[in-house]
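As structure tokens, the structure follows; a few thoughts come after it.
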Amino acid sequence: MSPLEPFGARLRRAMDERGPLCVGIDPHASLLAEWGLNDDIAGLERFSRTVVEAMADRVAVLKPQSAFFERFGSRGLAVLETSVQEARAAGALVVMDAKRGDIGSTMAAYAEAFLHPDAPLFSDALTVSPYLGYGSLSPAVALARESGAGLFVLALTSNPEGGEVQHAIRPDGRTVGATMLAHLAAENAGEEPLGSFGAVVGATLGDLSSYDLDMGGPLLAPGIGAQGATPADLPRVFGSAVRNVVPNVSRGVLRHGPDVSALRGAAERFATEIQAALAGV
Ligand SMILES: O=C(O)c1cc(=O)[nH]c(=O)n1[C@@H]1O[C@H](COP(=O)(O)O)[C@@H](O)[C@H]1O
């Protein structure tokens with residue numbers, strides 16, 4: 001395997017060159033309908049192709065949500081493969097949002113599916129769930145290191161239900177979410193300019209000053225737009241870690257399609273607001 005430059009370094013450069021915005025590729029059935037497309041494989045293909053065409057040459061990161069493709073079975077996965085490959089060829093980094101989490105050899109197989117350079121769905125990074133225990137992710141950590149890919153570990157998710165697990169206090173007094181961030185800080189130790197092992201931390205969560213978000217890696221921040229957070233919330237939520245934040249917007253951009261220039265306009269408005277919010281930090 002000839003490894004890529006580590007994901008963290010590639011991401012930092014892309015954020016510097018293109019700004020930090022991550023646009024989601026989330027082909028909800030309702031969005032397909034709003035775009036005048038059928039809820040079928042042709043509609044899925046047109047939707048994804050349009051988002052890639054509109055965004056991949058300008059945003060730092062595209063994040064396809066695997067579930068919306070898996071819904072269509074093997075033909076949906078074929079569309080996902082093409083979307084990932086075309087987005088990467090056009091210069092975007094692809095974070096595969098599949099939220100995988102398993103144990104041992106099964107986790108290793110999930111890692112092979114998304115993080116091995118020869119895999120049809122190879123992506124620059126993968127979202128993973130650590131709730132079978134952080135150590136269960138070690139096959140994915142190892143393969144990501146080998147291939148130059150990255151991970152985004154669900155630490156403090158944007159949904160209100162996440163708190164019952166992630167804010168739970170462990171016997172050592174730390175919350176479960178803080179424990180995940182500490183594991184990631186250890187993975188990223190010494191990595192410059194940015195580690196490859198990121199956390200998912202919702203932009204919807206309000207004041208997170210009790211958490212140490214400076215863990216040396218990127219922070220994927222979903223929740224802007226449809227879930228109610230705004231770019232102006234970012235400095236308050238993330239404090240000094242805000243320069244490592246990759247803010248994700250999915251429906252907030254996608255609802256402007258199918259017109260390519262309208263999609264680009266919406267993404268530019270978010271990018272400008274993000275830039276303004278970060279300017280004073
Ligand atoms: O891992 C994710 O991307 C994710 C984590 C999280 O805590 N919350 C969250 O909304 N997401 C994803 O981020 C996207 C948010 O979409 P919008 O709410 O439409 O902007 C969806 O693809 C979600 O699955």
Do the side chains of [X] and [Y] get close enough for a salt bridge, i.e. N-O under 4.0 angstrom?
X	Y	answer
R10	D124	yes
E273	R269	no
E70	R100	yes
R75	E45	no
R13	D16	no

At their closest point, which heavy atom of [X] faces which heavy atom of [Y], and how far apart are they?
X	Y	value
L137	S129	CD2-O, 3.5 Å
P120	Q85	O-NE2, 3.1 Å
A267	L21	O-CD2, 3.6 Å
L44	F68	CD1-O, 3.8 Å
T127	V95	CG2-CG1, 4.1 Å
P258	W35	CB-CE3, 3.5 Å

Using a 6.0 Å cut-off, check whether atom CG of L132 has over 12 heavy atoms from anything other than its own residue.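 Atom CG in L132 is packed in, count exceeds 12.
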
Atom CZ of residue position R49 - does it have more than 12 heavy atoms of other residues, nucleotides or ligands inside 6.0 Å?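 Check fails, neighbour count at 12 or below.
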
Heavy-atom donor-acceptor pair, [X] side chain to [Y] backbone, under 3.5 Å:
X	Y	answer
D40	A42	yes
S147	L115	yes
N188	E191	no
T157	L154	no
D212	D214	yes
N244	A241	no
R12	P193	no

Residues two or more places apart in sequence or in another chain: which of them pass ring-ring contact (aromatic ring centres under 6.0 Å, His included) with F114? none

In this structure, would [X] and [Y] fall into the same cluster of hydrophobic residues linked by side-chain contacts under 4.5 Å?
X	Y	result
I103	M180	no
L11	V242	yes
V84	L4	no
F122	F69	no
L213	L205	yes

Can you tell me how far [atom2] of [Y] sits from [atom1] of [X], rounded to the nearest 0.5 angstrom?
X	Y	atom1	atom2	answer
D57	R264	CG	CZ	5.5 Å
L37	R46	CG	CZ	6.5 Å
H116	S123	NE2	OG	14.0 Å
S196	L184	OG	CG	11.5 Å
Q65	L80	CD	CG	9.5 Å
L156	H167	CG	NE2	5.0 Å

Please report the C-alpha distance between D207 and V237 in whole Å, then the side-chain angles of each, then the deciding distance to 0.1 Å, and finally whether the side-chain contact (heavy atoms from CB on, under 4.5 Å) criterion is met. CA-CA 5 Å; D207 182 2; V237 178; over 6 Å; no

Hydrogens and angles aside, do [X] and [Y] bring a side-chain donor and acceptor to less than 3.5 Å of each other?
X	Y	answer
R170	T179	yes
S66	D97	no
Q166	T175	no
S136	Y131	no
T204	Q227	no

Heavy-atom check, side chain of [X] versus side chain of [Y], under 4.5 Å:
X	Y	answer
L219	V246	no
R251	D26	no
N248	S250	yes
C22	V59	no
V94	K63	no
P247	P20	yes

With side-chain contact (heavy atoms from CB on, under 4.5 Å) as the criterion, how do L121 and M96 come out once you've worked through the C-alpha distance, each side chain's angles and the decisive distance to 0.1 Å? CA-CA 9 Å; L121 281 170; M96 178 61 69; 4.2 Å; yes

Begin from the C-alpha positions of F47 and L254 and carry the test side-chain contact (heavy atoms from CB on, under 4.5 Å) through to its verdict. CA-CA 9 Å; F47 183 99; L254 301 172; 4.1 Å; yes

Could you tell me how the ring of F7 sits relative to the ring of F152: parallel (under 30°), tilted (30 to 60°) or perpendicular (over 60°)?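 Perpendicular, since the angle between the ring planes exceeds 60°.
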
Among V260, V253, I25, whose side-chain contact (heavy atoms from CB on, under 4.5 Å) with M55 holds? V253

Could you go through V141 and E187, starting from their C-alpha distance and side-chain angles, then the distance that decides it, and tell me whether this counts as side-chain contact (heavy atoms from CB on, under 4.5 Å)? CA-CA 9 Å; V141 171; E187 304 292 4; 3.7 Å; yes

Using salt bridge (charged side-chain N to carboxylate O under 4.0 Å, His left out) as the criterion, list what pairs up with D39, not counting sequence neighbours.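 Only R71 meet the salt bridge (charged side-chain N to carboxylate O under 4.0 Å, His left out) criterion with D39.
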
